[in-house]
Amino acid sequence: MNKEHNLIASNIGNIIGMVIIICILAFMIFHPRKDNQYDMRYVEILVVEKEIAEIDDEAVYLIHTKDRNGNPETFEITNAALGERFEESSVYKEIKSGKYYKFRIADQETYESYYPSICGAVTLIDGFPPLEESEKNRP
């Protein structure tokens with residue numbers, strides 16, 4: 001009995017540590033972290049014009065674009081959509097008129113903006129990629 005008591009007493013720190021780890025794992029399994037999940041889409045566009053507009057006494061960075069079918073669309077660069085990674089003014093400066101880009105876009109309701117928001121993944125591309133057969137046959 002004395003040996004068992006000494007064995008438990010000498011390993012009490014390990015036992016407490018394992019109990020704490022098991023409790024943390026159980027908490028993480030039954031209460032997973034809930035991140036904001038927003039619907040985002042990717043668009044491939046040609047930048048036609050850039051504009052800094054003033055709406056409600058606030059500077060709004062706008063990117064006027066056309067898709068591969070020539071349909072116009074306007075996107076907004078906002079700090080809320082970019083998070084802490086970038087500033088809207090620096091992203092605005094990097095995007096050039098007459099160039100093709102692939103943007104990750106969120107609806108305007110997501111970040112309470114005036115237009116759909118560019119929320120990352122601004123990638124310069126070499127024109128519109130060719131349509132795949134499955135995309136050509138879509139209605």
Taking Asn79 for its side chain and Glu88 for its backbone only, find out whether a donor-acceptor pair lies under 3.5 Å.
yes
Check whether any side-chain heavy atom of Ile105 sits under 4.5 Å from a side-chain heavy atom of Tyr42, and report yes or no.
no
Testing Glu51, Glu49, Lys50 one by one against His64 for a side-chain hydrogen bond (donor to acceptor under 3.5 Å, both in side chains), which residue passes?
Glu51
Hydrophobic clustering (ILVMFWY, side-chain heavy atoms < 4.5 Å, transitive) - are Val43 and Ile63 grouped together?
yes
Phe75 side, atom CZ; Phe103 side, atom CZ - distance, nearest 0.5 Å:
7.5 Å
For Tyr92, check ring-ring contact (aromatic ring centres under 6.0 Å, His included) against everything at least two apart and list the hits.
Tyr61
Could you check Lys96 against Tyr101 for side chain to side chain contact (heavy atoms under 4.5 Å, CB included), going step by step and ending with a plain yes or no?
CA-CA 9 Å; Lys96 306 294 182 204; Tyr101 291 91; 3.8 Å; yes
Got a donor-acceptor contact below 3.5 angstrom from the Arg68 side chain to the Pro129 backbone?
yes
Quick one: OG1 on Thr74 to CD on Gln108, what's the gap to the nearest 0.5 Å?
11.0 Å
Would you say the ring centers of Tyr100 and Phe128 fall short of 6.0 Å from each other?
yes
Could you work out, with ring-ring contact (aromatic ring centres under 6.0 Å, His included) as the rule, every residue matching Tyr114, not counting sequence neighbours?
none
Counterpart residues, side chain to side chain donor-acceptor pair (under 3.5 Å), relative to Asp67 (two or more places apart):
Asn71
Do any N or O atoms from the side chain of Ser117 and from the backbone of Cys119 form a donor-acceptor pair under 3.5 angstrom?
no
Which heavy atom of Ala106 sits nearest a heavy atom of Met40, and at what distance?
CB-CG, 4.2 Å
Write down the atom of Tyr111, the atom of Ala80, and the distance for their closest heavy-atom approach.
CE2-O, 3.5 Å
Decide yes or no on side chain to side chain contact (heavy atoms under 4.5 Å, CB included) for Leu124 and Lys99, but give the supporting numbers first.
CA-CA 7 Å; Leu124 183 64; Lys99 300 284 184 180; 3.8 Å; yes
Do Ile52 and Val60 come within less than 4.5 Å of each other through their side chains, counting heavy atoms only?
no
dist Ile45:CD1 -> Lys102:NZ (nearest 0.5 Å) comes out at 12.0 Å
Side chains of Ile118 and Glu76 in contact at under 4.5 Å (non-hydrogen atoms):
no
Do Ile77 and Ile95 have side chains that approach each other closer than 4.5 Å (heavy atoms only, starting at C-beta)?
yes
